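Scroll down for the structure; my scribbles are underneath it.
Chain letters run A, B, ... following the sequence lines, proteins first and then strands; every chain starts at 1. Since this is a predicted model, take the numbers as computed values, not measurements.
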Amino acid sequence: MKSIRLMGNTAVAVAMAVTPALAQVASLGSPEGQVSIVAWPGYIERGETMAEFDWVTKFEEATGCQVVIKTANTSDEMVALMNEGGFDLVTASGDASLRLVAGKRVQPVNIDLIPSWTNVDERLKNAPWHTVDGVHYGVPYQWGPNVLMYNTEVFGDTPPTSWSVVFEEQTLPDGSSNVGRVQAYDGPIHIADAAQYLMAHRPELGITSPYELNADQYAAALDLLRAQRKLVGRYWHDAFIQMDDFKNEGVVASGSWPFQVGLLKAEGFPVSSVIPEEGSTGWADTTMMHVDAPHPTCSYLWMEHTLSSNLQADLSVWFGANPVVLSACTDGSGMQTAEGCTANGLDDFEKIKFWTTPVSQCESQGECVPYYRWVSDYIGVIGGR
Amino acid sequence: MSRSAILPNRGLADRLSALFWRHPRVLLLLLITPPLLWLGVVYLGSLGALLLQSFYSIDEFSGVVVEEFTLKTYGELFRAANMDIILRTLTMSASVTLASAVIGFPVAYFAARFARGRWKAVFYLGIMLPLWSSYLVKVYAWKLILAKEGIITWAADSVGLGFLLDAVLALPGVGGNSLSTSFIGTWIVFVYVWLPYMILPMQASLERVPVSMLEASSDLGATLGQTFRTVILPLAMPGVIAGSIFTFSLTMGDYIIPQIVGTSARFIGQAVYQLQGTAGNIPLAAAFAVVPILIMLVYLSLAKRGGAFDAL
């Protein structure tokens with residue numbers, strides 16, 4: 001066993017020695033005929049779910065690069081697949097991207113080879129979740145906020161302005177208490193939402209980032225979540241179950257995604273959403289390229305393609321997200337409109353703290369509570385501890 | 001004039017069957033190798049890998065798995081939040097098993113003793129039918145039935161029994177906002193989904209109870225209750241235990257029902273899924289996965305003593 005591991009380590013060491021660090025593609029060759037992408041479900045559509053949502057077929061015809069998609073359901077799955085290798089690209093969220101960079105699984109991207117880079121939203125060009133020491137490790141793909149969804153019949157003329165409706169017991173505008181009528185996300189990353197709420201309401205804790213919490217700040221966030229447990233009947237895990245709970249379970253307010261808000265509205269159900277005054281958390285995804293990508297030219301062509309305003313517009317409609325190319329909202333190249341972008345939170349970028357993996361060696365205060373503790377403690381909180 | 005023998009040339013199949021006839025062990029080996037490989041490599045292999053992982057630990061600071069032998073991970077199982085999960089799962093498994101036995105026994109008894117001909121077929125269909133539809137469909141259907149604005153609440157309210165439902169939901173620990181967000185709801189769905197696995201073995205063992213013994217019992221002056229306690233139940237016990245093995249272990253391993261119906265408080269299966277899938281804490285996930293294996297080993301050895309396997 002030990003000798004096997006030793007051999008493995010040696011092989012890795014040798015491989016690392018011969019691979020020049022920070023190699024990036026200098027120029028494009030001819031397309032290799034294929035590009036394989038690890039992506040979130042629904043992120044890369046070829047018209048098979050709904051015919052009008054297709055941003056693959058045209059690319060394949062134009063470049064001759066066959067797009068092969070491997071979907072992954074969690075960031076950890078994505079990291080695992082990229083560690084395995086054999087893929088060209090991945091649509092990594094902020095809680096995976098830096099791990100990929102740190103693990104040397106992705107290579108720097110030569111933005112000179114991506115003409116549309118100039119169109120990328122200025123707010124995202126140097127975002128810290130894909131730019132390390134000034135080097136770009138990918139091109140932004142799409143981003144979105146976690147919004148506060150609420151029932152418009154219950155809240156009437158006074159839409160909620162604070163996350164307090166889901167954190168603290170109170171009487172809602174319809175005269176009844178919020179106990180048992182609110183929900184929260186059942187992933188440990190929800191601890192960050194609690195921390196963000198504390199940032200605004202208990203400044204003495206000195207939280208600067210909801211993803212970087214020292215022991216005291218973390219304990220305060222858990223206390224807040226324990227109080228929330230008393231208000232929450234069931235935590236939401238699956239977007240469709242949450243929609244069902246709004247319809248049949250009497251849930252009237254919850255953190256949610258624009259995706260659910262859009263679908264419920266389309267069904268004529270009385271919901272709306274806000275980004276409350278405390279701001280909100282959100283996700284920002286980046287297309288990143290594997291260090292040993294077998295099809296570099298097709299990969300670059302795909303990255304260029306993802307920045308076309310037509311793809312960005314359709315994807316943002318499909319996913320309830322925001323395009324990383326601002327013209328996609330207004331130029332009518334796809335289905336997105338300026339109103340649609342506003343509804344998806346385009347103007348609230350500054351209010352959003354994007355998902356990142358909590359690590360023990362954190363920037364703001366030296367030592368923070370790492371993610372695996374978030375997981376086990378959040379299990380405890382939901383279990384009533 | 002000589003002619004050679006007129007035996008036809010023997011084909012491959014002929015020769016093979018001759019080989020098998022001469023060496024029966026070869027045939028046995030050939031037949032048994034694939035399932036043995038399956039069992040040995042795929043099943044036991046993965047179990048072994050799991051067991052191995054559970055003796056590793058996760059590094060406190062980097063979150064990386066440290067591949068060194070330690071019992072620290074098993075120690076973590078005894079943390080309050082994790083013990084909660086184990087006890088919660090055990091309680092649920094036990095109560096689901098108990099309820100299935102209580103509900104299932106009369107059904108099985110009727111089917112074994114009184115149902116004849118067409119009624120027997122109706123019985124089998126009735127028990128098996130729920131097994132034919134997708135498990136997920138059934139669970140989602142139950143979510144709607146149990147919902148706050150679902151049919152049970154509606155029915156209770158319209159016959160004026162809403163207060164009863166509210167009283168049940170107000171029970172500390174097992175109650176909740178609605179049936180679909182309470183432990184009672186999870187329990188109901190578990191009982192519904194696993195009930196057939198309890199009824200079928202019970203019915204098989206009840207059918208084997210000789211009628212003559214029941215007659216002898218009443219001839220000797222036993223009351224119905226005495227006959228039930230001293231004759232039927234002991235003879236049917238192996239079937240009950242066999243059924244309980246199914247309901248108990250199926251409840252213990254399930255991670256989908258409590259995710260859809262219930263309070264979101266974790267069961268062992270969910271904890272394994274989450275620790276392994278999103279946290280990357282494979283050692284703790286593996287340690288959690290070992291818990292039901294150990295519990296089932298104890299359970300099975302007790303069941304064996306109870307004679308459950310004589311009925312199989």
Side-chain angles (χ1 to χ4, degrees), chain A residues 1-2 5 72-77 79-80 95 99 102-103 179-189 229-238 240-241 244-251 357-361 367-385, chain B residues 52 58-65 67-69 76 79-85 87-88 140 143-151 153 169 173 175-182 185-186 258-267 270-271 273-285:
Chain A
M1 189 74 203
K2 192 158 186 191
R5 192 150 2 105
N73 285 308
T74 64
S75 288
D76 299 280
E77 229 176 280
V79 174
D95 52 341
R99 273 192 275 170
V179 175
R181 301 169 77 202
V182 296
Q183 274 190 335
Y185 187 53
D186 104 337
I189 205 78
R229 168 76 261 202
K230 299 186 174 67
L231 311 178
V232 173
R234 170 168 45 229
Y235 290 74
W236 76 274
H237 176 90
D238 178 304
F240 289 90
I241 294 185
D244 188 57
D245 286 341
F246 265 73
K247 286 189 273 189
N248 296 313
E249 209 55 68
V251 174
T357 305
V359 291
S360 45
Q361 258 104 42
E367 197 177 316
C368 294
V369 180
Y371 185 61
Y372 88 92
R373 287 253 330 264
W374 287 40
V375 176
S376 48
D377 290 334
Y378 196 54
I379 289 176
V381 168
I382 292 181
R385 281 275 163 191
Chain B
L52 190 68
I58 198 158
D59 184 82
E60 296 270 340
F61 294 103
S62 62
V64 178
V65 176
E67 296 186 359
E68 279 165 20
F69 179 86
E76 272 185 56
R79 292 218 329 239
N82 294 337
M83 273 320 272
D84 277 357
I85 294 175
L87 290 177
R88 187 180 297 130
Y140 277 104
K143 180 180 184 297
L144 286 177
I145 293 171
L146 298 174
K148 196 179 185 63
E149 287 157 35
I151 189 164
T153 317
L169 287 175
N177 193 43
S178 73
L179 278 175
S180 118
T181 59
S182 66
T186 320
Q259 188 182 304
I260 298 172
V261 178
T263 64
S264 293
R266 299 291 190 270
F267 284 74
Q270 288 171 290
Y273 180 76
Q274 193 177 11
L275 288 168
Q276 181 272 129
T278 62
N281 194 346
I282 293 173
L284 188 55

Greatest number of heavy atom pairs closer than 4.5 Å to chain A - which of B/I260, B/V261, B/I85: B/I260
Do B/S180 and A/E249 meet the criterion of a side-chain donor-acceptor pair at a distance under 3.5 Å? yes
Atom of A/G380, atom of B/A81 and distance for their closest heavy-atom approach: CA-CB, 3.6 Å
Taking the side chain as C-beta and beyond, is there a heavy-atom pair between A/S376 and B/R79 under 4.5 Å? yes
What distance separates A/D245 CG from B/T181 OG1, expressed to the nearest 0.5 Å? 8.5 Å
What are the two closest non-hydrogen atoms of A/G383 and B/R88, and how far apart are they? O-NH2, 3.2 Å
Is the closest side-chain heavy-atom distance between A/R373 and B/I58 below 4.5 Å? no
Close side-chain approach of B/K143 to A/R234, heavy-atom, < 4.5 Å: yes
Under 3.5 Å donor-acceptor, B/S264 side chain and A/Y235 backbone: yes
CA sep, side-chain torsions, deciding dist, call: A/D244, B/L144, side chain to side chain contact (heavy atoms under 4.5 Å, CB included): CA-CA 9 Å; A/D244 188 57; B/L144 286 177; 3.5 Å; yes
Are the side chain of A/R385 and the backbone N or O of B/D84 linked by a donor-acceptor pair below 3.5 Å? no
Between the CG atom in A/N248 and the CD1 atom in B/I145, the distance rounded to the nearest 0.5 Å is 12.0 Å
Top residue by heavy-atom pair count (under 4.5 Å) with chain A, among B/T153, B/L146, B/T263? B/T263
As an exercise, state the distance from CD1 of A/I379 to CD of B/Q270, rounded to the nearest 0.5 Å. 9.0 Å
